[in-house]
Amino acid sequence: MSALVDAQHARAREVLGSEALAYYESGAGAELTRREAEAAWSHYRLRPRVLTDVAAVDLSLDLLGTHLATPLLVAPTAYHRLAHPDGEVATARGAAAAGALLTLSARASQPLESVAQAAAGPWWFQVYATRDPAVHRGLAVRARDAGATALVLTGDTPFVGRKPLSDSLGIPGIEDMVAVNSGAHLRPDAATDAADQWPSATTDLVAELAALTGLPVLVKGVLRGDEAARCVDAGAAGIVVSTHGGRQLDRVVPSAVALPEVVAAVGDRVPVLVDGGLRSGLDVLTALALGARAVLLGRPVLWALAAGGAAGVRELLDTLTDDLAHVMALAGAPTLDAVTADLVTRIERPVERPV
Ligand SMILES: Cc1cc2nc3c(=O)[nH]c(=O)nc-3n(C[C@H](O)[C@H](O)[C@H](O)COP(=O)(O)O)c2cc1C
Ligand SMILES: CC(C)CC(=O)C(=O)O
């Protein structure tokens with residue numbers, strides 16, 4: 001765990017309201033998946049190279065036609081105005097200042113056009129299949145028109161997962177926040193129902209969204225190689241391995257365990273990305289060595305936003321990017337292409353209490 005992530009989390013705990021904090025922190029069910037996510041990365045050990053020229057480490061990459069300065073992306077997370085009055089606009093500014101790509105949630109709490117204006121850097125838009133298809137279609141087209149360069153269709157949320165630690169508290173102001181993007185064509189009281197999850201969505205939606213917008217569509221929430229192949233066969237331009245931060249089905253395999261299987265199945269056809277429990281440069285290096293082209297950060301960005309607004313988000317992304325460059329150098333990998341599978345090995349029993 002990076003010391004900054006810890007410090008920003010501690011600060012966020014001080015400044016956030018109790019409902020917002022519970023909503024952000026909680027996971028589904030008994031929270032096994034949420035709790036397991038971080039530790040799963042430490043089941044791998046590094047196999048560094050020696051006497052390699054690492055004086056200059058280059059973290060840049062091309063991802064689905066976009067040139068990026070860092071492989072750290074902002075994951076789509078809902079309702080940033082719960083964390084900070086400037087909401088997603090502040091997140092977009094912080095990400096752009098760090099040269100990091102923002103994935104804007106379908107449940108953003110500010111109009112996507114306002115966020116797009118603030119996003120001086122590249123951004124993608126995350127889509128949920130909604131009961132009223134006019135809502136997800138309208139959002140996808142508006143996002144394309146506002147400058148999004150890809151869509152991320154979240155596939156693991158036919159229904160919202162039950163989170164015992166936060167469901168009873170509710171989310172303050174949620175109707176207004178839902179209506180801000182999805183309710184434009186509806187009466188305010190109808191917006192929430194129309195924007196509700198549509199549980200009948202299938203992989204057909206991948207090609208439909210691609211045809212509607214002309215944008216590449218990634219599928220997020222994949223944890224199996226055969227399922228990744230099914231999504232790519234249906235037209236997916238990329239896969240995001242994810243447990244949704246342990247907020248959907250509890251007791252699923254950790255992202256760190258699912259990633260190699262997904263990379264083996266589709267990594268030669270499309271870029272595979274990953275999120276879940278990534279909290280340090282070493283975690284990110286491990287994910288990249290296991291075949292991820294880039295990684296996404298969820299809760300750490302929320303803590304950074306609550307702790308310091310746009311400047312906090314920038315500090316988080318800059319610090320983790322610098323941390324990644326440092327451990328890449330020590331591992332003998334001066335470029336992302338040099339971060340290959342031979343750099344890691346899985347160990348069966350990590351030392352539980354190192355002395
Ligand atoms: C408070 C919260 C809200 C989220 N909202 C969304 C969302 O709107 N859409 C989505 O696809 N994923 C959502 N996610 C999941 C994240 O995109 C990501 O998969 C997860 O947070 C990564 O794990 P991490 O928090 O350990 O970094 C949310 C996660 C959290 C914690
Ligand atoms: C409104 C929710 C569906 C947003 C979400 O994905 C989450 O809270 O995990």
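Predicted, not measured: the structure shown is a model, and the values here were computed from it. The first residue of the sequence shown is numbered 1, and numbering continues consecutively from there. Whatever order the structure lists ligands and atoms in, that order sets their numbers, starting from 1.
The single protein non-hydrogen atom nearest to atom 8 (O) of ligand 1 is Ser105 OG, 2.7 Å, given as residue, atom name and distance. Of all protein heavy atoms, the one closest to atom 21 (O) of ligand 1 is Gly298 CA, 3.6 Å. Protein heavy atom closest to atom 1 (C) of ligand 2, with residue, atom name and distance, is Tyr79 OH, 3.6 Å. The nearest protein atom to atom 5 (N) of ligand 1, hydrogens excluded, is given as Ala78 N, 3.2 Å; this is a heavy-atom distance. Among all non-hydrogen protein atoms, the one lying nearest atom 8 (O) of ligand 2 is Tyr23 OH, 2.6 Å. When only non-hydrogen protein atoms are considered, atom 6 (O) of ligand 2 lies nearest to Tyr128 OH, 2.5 Å.
Closest heavy-atom approach to atom 7 (C) of ligand 2 among the candidates Arg247, Gln126, Gln248: Arg247.
If you look at Lys220 next to ligand 1, the close heavy atoms, those under 4.0 Å, all belong to the side chain. Counting heavy atoms closer than 4.0 Å to ligand 1, residue Gln126 contributes side-chain atoms (C-beta onward) but none from N, CA, C or O. When non-hydrogen atoms are compared, ligand 1 lies under 4.0 Å from the side chain of Leu302 (C-beta onward) but not from its backbone. For Tyr128, every heavy-atom contact with ligand 1 shorter than 4.0 Å involves the side chain, none the backbone.
At least one N or O atom of Gly277, backbone or side chain, sits closer than 3.5 Å to an N or O atom of ligand 1. Taking distance alone, with nitrogen or oxygen atoms compared against 3.5 Å, Tyr24 stays at or beyond that limit from ligand 1.
Heavy-atom separations between Thr157 and ligand 2 are all 4.0 Å or longer.
Annotation: Arg346, atom CZ; neighbour count of heavy atoms from other residues, nucleotides and ligands within 6.0 Å is above 12.
Between Trp303 and His9, the ring planes lie parallel to each other; the angle is under 30°, not in the 30° to 60° tilted range.
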